[in-house]
Structures are given as C-alpha cells and as structure tokens.
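By convention here, the first residue in the shown sequence is residue 1. Given the structure is predicted, the values throughout are model-derived calculations rather than measurements.
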Amino acid sequence: MSKTLDDIWESWDYHIKDDLARVDRKFYLAISEAMQFNIKPATAIRYFREKLDETIQEIAVERQAKTKGPKRHRLDE
C-alpha cells in the first residue's frame, strides 16, 4: 500500500491546524500588546514572523541533535 502526500497531509491536517490556531492566538495577543506601545501592526507582524522562523529553525536543530545518524528531515531542504 502506498500513500500520497495528500493522504499523509489529511491524516495530520487537523492536529497541525489545531496547534497553529493556538499559536495564531498568541501572535494576535503579542501584536495587540505591541500596538499598545505605538508599534505599527505591520512592523510587529514582520518582526514576529522573523522570530517565528528563527524559532522553527532552532526547534529543527534541536530535534536533529537528538536524532542519531545522519541529519534528516531538514526544513530548509
């Protein structure tokens, strides 16, 4: 039996969407807080996107360090 990427995605979609909805809410609150300090929404969004990308890369590096053998599943490949 083989699976397509769509099949695999469909089995994870709900879980990923649920996690991302929680993260989205946190970013919404962070952007709202930034606006309270007169930071423009576009500036806050750009900054938090950069920080999110950095954090995702850090998580990937940490995961790879825990994986024995050759590095696999890199997000930047």
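L20 and W12 fall within the same hydrophobic cluster, defined by Ile, Leu, Val, Met, Phe, Trp and Tyr side-chain heavy atoms under 4.5 Å apart, directly or through other members. Taken together through direct or relayed side-chain contacts under 4.5 Å among Ile, Leu, Val, Met, Phe, Trp and Tyr, Y14 and W9 form parts of separate hydrophobic clusters.
Note that CE of M35 is 9.0 Å distant from CD1 of I31, once rounded to the nearest 0.5 Å. The CG atom of L52 lies 4.5 Å from the CZ atom of F27; values are rounded to the nearest 0.5 Å. Within the model, atoms OG1 of T43 and CZ of F48 stand 11.0 Å from one another, a figure rounded to the nearest 0.5 Å.
E54 meets the side chain to side chain donor-acceptor pair (under 3.5 Å) test with K51; sequence neighbours excluded.
Within 6.0 Å of the CD1 atom in I16, the count of heavy atoms belonging to other residues, nucleotides or ligands exceeds 12.
Using a 4.0 Å cut-off between charged side-chain N and carboxylate O, R22 and D18 make a salt bridge.
Of the possible polar contacts, one joining the S32 side chain to the Y28 backbone as a donor-acceptor pair under 3.5 Å is found.
When side chains are defined from C-beta on, I39 does not count as touching Y47, because their heavy atoms never get closer than 4.5 Å.
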